[in-house]
Every structure is written in structure tokens, then in C-alpha cells.
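Notes for the one structure printed next.
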Amino acid sequence: MSQRAQITPLSGFPEWLPEQRIVEQMLLDRIRRLAELYGFVPLETRAVEPLEHLVHQGETSKEIYTVGRLQDEGATADLGLHFDLTVPLARYVQEFRGRLRFPFKRYQIQKVWRGERPQDGRYREFYQADLDVVGDGELSLHFDAEMPAIMHELLAALPVPTATVLVSNRKVLDGFGRGLGRDDTTGIIRALDKLDKIGADGVRELLCGEVGTTDGEADRWLALAEIRSPDLDFVDAVTALGVSDDLLTRGLDELTTVVAASASLPRGAVVADLHIARGLDYYTGTVFESTIAGHSDLGSICSGGRYDDLASGGGHPLPGVGISVGVSRLLGRFLGGGQLRASRATPTCVLVALVDEGGRGRSAAIARRLRTRGIAAEVFHEPLRFGKQIRHADRRGIPFVWFPARGDDDTDSVRDLRSGTQVPADADAWMPPDADLHPAIESTAAAAP
RNA sequence: GUGGCCGUAGCUCAGUUGGUUAGAGCGCCGCGUUGUGGUCGCGGAGGUCGCGGGUUCGAAUCCCGUCGGUCACCCCA
């Protein structure tokens, strides 16, 4: 332990530079703003949950990071870091049920941890932004129906290319299975979920091989999985497959409600896509996914669904429906790829030059006056020649340098570093252009601003 | 957890069949220009070649191990 540990990056635990963190914070702010516009209340839960609770609520236990005290040698960990925000929500809602109002709409933006092998777009520590609605006893399908519009707006508010929201319903898959005399559809779902990646032939191989369906059954599953429609045509398409079952009918009805509710959005923004299922096993109805134009390899960066059985309190179920935005996944792609960056690497808008040692008070007063009016300002720390002070500002992307008056017959002046123009200015009145007040997100390539 | 590829300066990389003092570009610092940046010119700092062992007169280069990174599988934001 006395040897100093080597400093290396830790795979899967991304750390950004300040100019990148600026972008990340702005994305988080946009999500927060939109969530509040829809009436979701803010929530944060503790980072750890009882291990038993985490493992019990599905999800491969191997992914969970356990937490223990170094001093408790040999002790078995009984706490784990949460791997999503839905399971903590379920626990929280049960615990605080008596003090919450239902339907409980909350948003929650926090880090989560998964012990999986990191890869492009997959991390071990990452941000999720969740929006969920939990009902007491029951939860109106209204909330399922509202989600695609929220997702659409959320994705449109983020500086990424056009996104498509994909919707389906687990009852359709499960009911279809029942109609075919199959109770357990997990293997089927796992295979269908790979349709995009391995294609119809690959899926057929899985179905007939590992899952053990007949050729005929595989054909029907594939026919179902390939149904994709921006309107209600999917109902006829499913019916045409000749499978009937009550659950299937209910699923189609629910999906119809959800898709119909999105009719006012641009055509194609929300698409019924019957192959999506979501891996997490707590989904029971509506399921959501999303794809970004030109980045289908990235996977879904916003997904979720309906879970009727995740929690219960005092004898009633506490059903919920919600979505989760993979903020880190999005950033990893667009920030790492250089398509997104902040207009400057610091919040500072004005660097106030320091003339000489005796001028510290004057420069500090100028900065204070600017800050009073909401303009981020800092004083250069050393009375170096102005060329160096300007260069310091330039390298950090600070757009303005303020030069205090040199004598009684002189006035302050402010220099715009991009144009090189310098004008007389009063620290109680001067304002930068709106665009320069705060750092902005700049995007290149396919990412829209 | 299993398998493929890769570890040389802060970053991106070059380094011949093993050979003498390991290079380039960018970035950084200084000077030209001592109170007005960006361009240009000149100069400078910066390296346990991931780590450990082996082969050899000699290893960044070959071999073994190990650690780390990365991609794929699994699964998912």
C-alpha cells in the first residue's frame, strides 16, 4: 500500500474535461427543464440499496457493485450501488407512500453503476435521467400514451440528429405466444430483440436452434417482429397473422391508444415496432425505445415502459410507467466524437486585466460590478504585460478582456477577442451580446443544435 | 466471465532484418514584440518505450508472464 498506485484511466468510468462537463451540464439542464414543464417533481434517492432488494428485482446480480467497509474484513456486503433508477423508485414510493401524492410523477437524474464490460456507448458509471409516473392501485393508460410525446420532445431538445421513438407492448408478444400455445416467451423475446443486429436469418437460426421452435412458428414470430408502422396499420397486420388470444387483443388495444395519442406529432416521429421488448424483465405492458438517425449502432438512448408489478404498498399494487435517458451514452458518442463541444472552456465571460500591483483593488471592483449584473468575470492574477493576459483569455475561450482606465483622464475599455475591436465601457452598464453571456453548445456534423 | 487487437512525449503517431544519443506534428514555455493576443521566425522543456522476467555482445524491436486499454460475445442507457 505504500507504493504509489499508477495513475491510469479506469475503463468504463468516464471523466470529462471542463469544456465537456459544460456540455453535459447543459444537457442535464435541458432534461430537467422539460421534465418540470410536464409537471414532474424532482427526486434524488440514495446511491445504495439493500443488496437483497436489488437482486430480487431482476437484473443479473453479477452487474451489481457491492459496497462494504474496508474495516469489516470478511464481512458479506449487504448494500449494492443501484444499477438503474427504477428499482430505487419502487422502494422509495413504498417507503414514502403515505406522504406522496398519486399519480406520483417524478424526474430523477443520477449516476448509476453496472459492473459490465465497458464498450463503445457502455459504461460502468453513467448518468441516467428518468421520468416516471407511479399510481396508487392503478395507473391510467393516459400516462403510457403521454410518454412518446415527452420522449420526442426530449430528444428534439438535445443536440443530436433526429430521433425516432419506437413503441410496442409486452402483452402483444406474450399474448401472441399464448395464442401459439407458448407460456414462456423470454427466449423468443431475446432472439427477436437481435433482429436489427443479426437480421431475420440470424433470428430464425436462434429460434429454431436455441429456443427450439418449429420452422412454422419461427416464421410467424418473424412476421410479427417485422411489423412496423407509423400509424394504426399494425393492428390489421397482426390480425392477419391469424393468432388470437385475449392478452394479445388487450395488448393491441393498449398499443393503439398509445400510438393514436401521438398522431399530432410529425409522421414517423413515433412508430409502432413489434420487435422491441426491452431486456429488463419487469416490463408488463407498453415498452419504448428510440433510435438516432445515423447512429443505430449506438442502441437506444431513451427507453422505458410500463411495469405493473414492481412495487406494492399496503395491499395495493403501485404500477408505473416511465422512461430513462442515457445521458452518458449520448455524450460518449457525440462529445467523444467531437460533434459536440462548448463554445468556451470556462463560464468566464470577461477577464479583467491587472495593470499593476496597486491596481488589484480597482480590477476587483470592476469584476464585482460585472458579476452583480450576472456577467461572469475574473481578475487576472499577475500584472503581466497585456499581451500575455490577452493570450491567457484567448486560450480559454474567454470572449472579452476588460482594461481598467490608466489614469484620471482615461476610461475603462473592453476588447472583443474575436473581432479585436476595443471600445470604451462602463462596468455598471456594459452588457455582452446574449450569445456570449454563457457558454453555448456548438455542434458539428449531423448533430443539430 | 470468454476471445481478438493494441500499449513509444500532455495528445496523435513514426521508429527498417535487434545496433550506438528514441524522432515528428500538434500542444506547452521563452525570446523577437518590457502595456494589446492570434500570424511568422528562433530557441527550450518534456520519455522508467505499461510493468516484470528471459534470449542476446546489444532489446522500443524477439519470447514468456502480468497489468491496462479497446473491440466482439452476453446484456443493456
Side-chain angles (χ1 to χ4, degrees), chain A residues 3 5-14 17 31 58-64 82-86 109-130 151 154-155 186 189-191 193-194 197-198 202 206 210 276-281 283 288-292 295 297-305 322-333 336 338 351 353-356 359 380 383-407 410 413-422:
Chain A
Q3 282 288 48
Q6 202 172 355
I7 303 288
T8 61
L10 209 43
S11 176
F13 294 85
L17 293 169
I31 293 169
E59 196 79 3
T60 325
S61 56
K62 289 174 197 163
E63 291 190 358
I64 297 170
H82 57 222
F83 53 78
D84 72 3
L85 301 178
T86 309
I109 303 175
Q110 278 179 252
K111 291 256 178 92
V112 304
W113 294 268
R114 292 185 194 175
E116 287 222 79
R117 272 272 199 279
Q119 258 175 61
D120 184 27
R122 297 176 48 182
Y123 304 96
R124 289 173 156 169
E125 177 181 62
F126 57 98
Y127 270 110
Q128 275 197 177
D130 276 32
M151 288 172 74
L154 204 50
L155 291 163
T186 51
I189 284 171
R190 200 163 291 162
D193 205 43
K194 296 191 173 82
K197 194 179 255 182
I198 62 178
L206 279 180
E210 279 176 39
I276 69 160
R278 306 273 67 226
L280 295 170
D281 46 22
Y283 292 121
F288 310 107
E289 270 191 26
S290 61
T291 58
I292 294 181
H295 296 274
D297 60 307
L298 192 58
S300 181
I301 58 115
C302 180
S303 43
I323 54 166
S324 178
V325 184
V327 180
S328 298
R329 170 171 287 185
L330 205 143
L331 282 165
R333 170 63 60 98
L351 179 75
L354 181 61
V355 177
D356 50 35
F380 193 74
L384 298 179
R385 47 180 250 246
F386 286 170
K388 294 196 190 260
Q389 299 194 39
I390 291 172
R391 193 172 59 176
H392 172 85
D394 190 44
R395 301 248 162 109
R396 291 167 66 196
I398 300 173
F400 298 98
V401 176
W402 195 283
F403 296 98
R406 295 177 206 176
D410 191 19
S413 63
V414 64
R415 181 183 187 82
D416 183 330
L417 260 41
R418 292 145 310 179
S419 63
T421 55
Q422 191 167 327

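None of the values given here were measured: they were computed from a predicted structure. All chains are named by letter (A, B, ...) in the order of the sequence lines, taking the proteins before the strands, and each is independently numbered beginning at 1.
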By the 4.0 Å heavy-atom rule, please label [X] as base, sugar-phosphate, or nothing.
X	value
A/Asp356	nothing
A/Arg396	nothing
A/Gly299	nothing
A/Leu10	sugar-phosphate
A/Val355	base
A/Arg117	base
A/Tyr127	nothing
A/Arg415	base
A/Leu417	base

Tell me whether the OP1 or OP2 atom of [N] has a side-chain N or O from [X] closer than 4.0 Å.
X	N	value
A/Gln389	B/U36	no
A/Arg391	B/U39	no
A/Ser11	B/U70	yes
A/Arg114	B/C74	no

* To do: Using side-chain contact (heavy atoms from CB on, under 4.5 Å) as the criterion, list what pairs up with A/Val327, not counting sequence neighbours.
  =>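 If we apply the side-chain contact (heavy atoms from CB on, under 4.5 Å) test to A/Val327, skipping adjacent residues, the hits are A/Leu28, A/Ile31, A/Tyr127, A/Ala129, A/Val325, A/Leu331.
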
* **Charged tip of A/Arg391 within 45° of A/Phe386 ring normal and under 6.0 Å** =>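 No, a cation-pi geometry is absent between A/Arg391 and A/Phe386.
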
* Asked: Does A/Lys388 or A/Pro118 map to a spot on RNA chain B nearer the 5' end, using the closest nucleotide for each?
  ->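 Taking each residue's closest nucleotide, the earlier one in sequence belongs to A/Lys388.
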
* Asked: More 5' along RNA chain B: A/Asp120 or A/Phe386, using each one's nearest nucleotide?
  ->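 Final value for this comparison: A/Phe386.
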
* Of A/Asp130, A/Asp84, A/Thr86, which meets side-chain hydrogen bond (donor to acceptor under 3.5 Å, both in side chains) against A/Ser324? ->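 By the side-chain hydrogen bond (donor to acceptor under 3.5 Å, both in side chains) criterion, A/Ser324 pairs with just one of A/Asp130, A/Asp84, A/Thr86: A/Asp130.
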
Could you work out which one of [options] sits closest to the side chain of [X]?
X	options	answer
A/Asp394	B/G37, B/C75, B/C28	B/G37
A/Ile390	B/G37, B/C28, B/U70	B/G37
A/Arg122	B/C75, B/G38, B/C29	B/C75
A/Lys197	B/G69, B/U33, B/C73	B/C73

* To do: Measure the distance between the ring centre of A/Phe126 and the centre of the six-membered base ring of B/A77, then answer whether it is under 5.5 Å with planes under 30°.
  =>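 Base of B/A77: stacked against A/Phe126.
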
* To do: Answer whether the closest heavy-atom distance between the side chains of A/Leu155 and A/Cys302 falls below 4.5 Å.
  =>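 Sidechains of A/Cys302 and A/Leu155: in contact.
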
* Would you check if the side chain of A/Gln389 reaches a backbone N or O of A/Leu384 as a donor-acceptor pair within less than 3.5 Å? =>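 A pair under 3.5 Å: yes.
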
Rounding to an integer number of angstrom, what distance separates [N] and [M] when you compare their [atom1] atoms?
N	M	atom1	value
B/G69	B/U8	P	14 Å
B/U21	B/A60	C1'	15 Å
B/G44	B/C49	C1'	23 Å
B/C51	B/G68	P	15 Å

* To do: Applying side chain to side chain contact (heavy atoms under 4.5 Å, CB included) between A/Arg333 and each of A/Ile301, A/Ile292, A/Asp120, report the one that passes.
  =>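 Filter result, single survivor: A/Asp120.
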
* Give RNA chain B the dot-bracket treatment, 5' to 3': Watson-Crick (N1-N3 with N6-O4 or O6-N4) or G-U (N1-O2, O6-N3) under 3.5 Å, [ ] crossing, | other strand. => (((((((..((((.....[...)))).(((((.......))))).....(((((..]....))))))))))))....

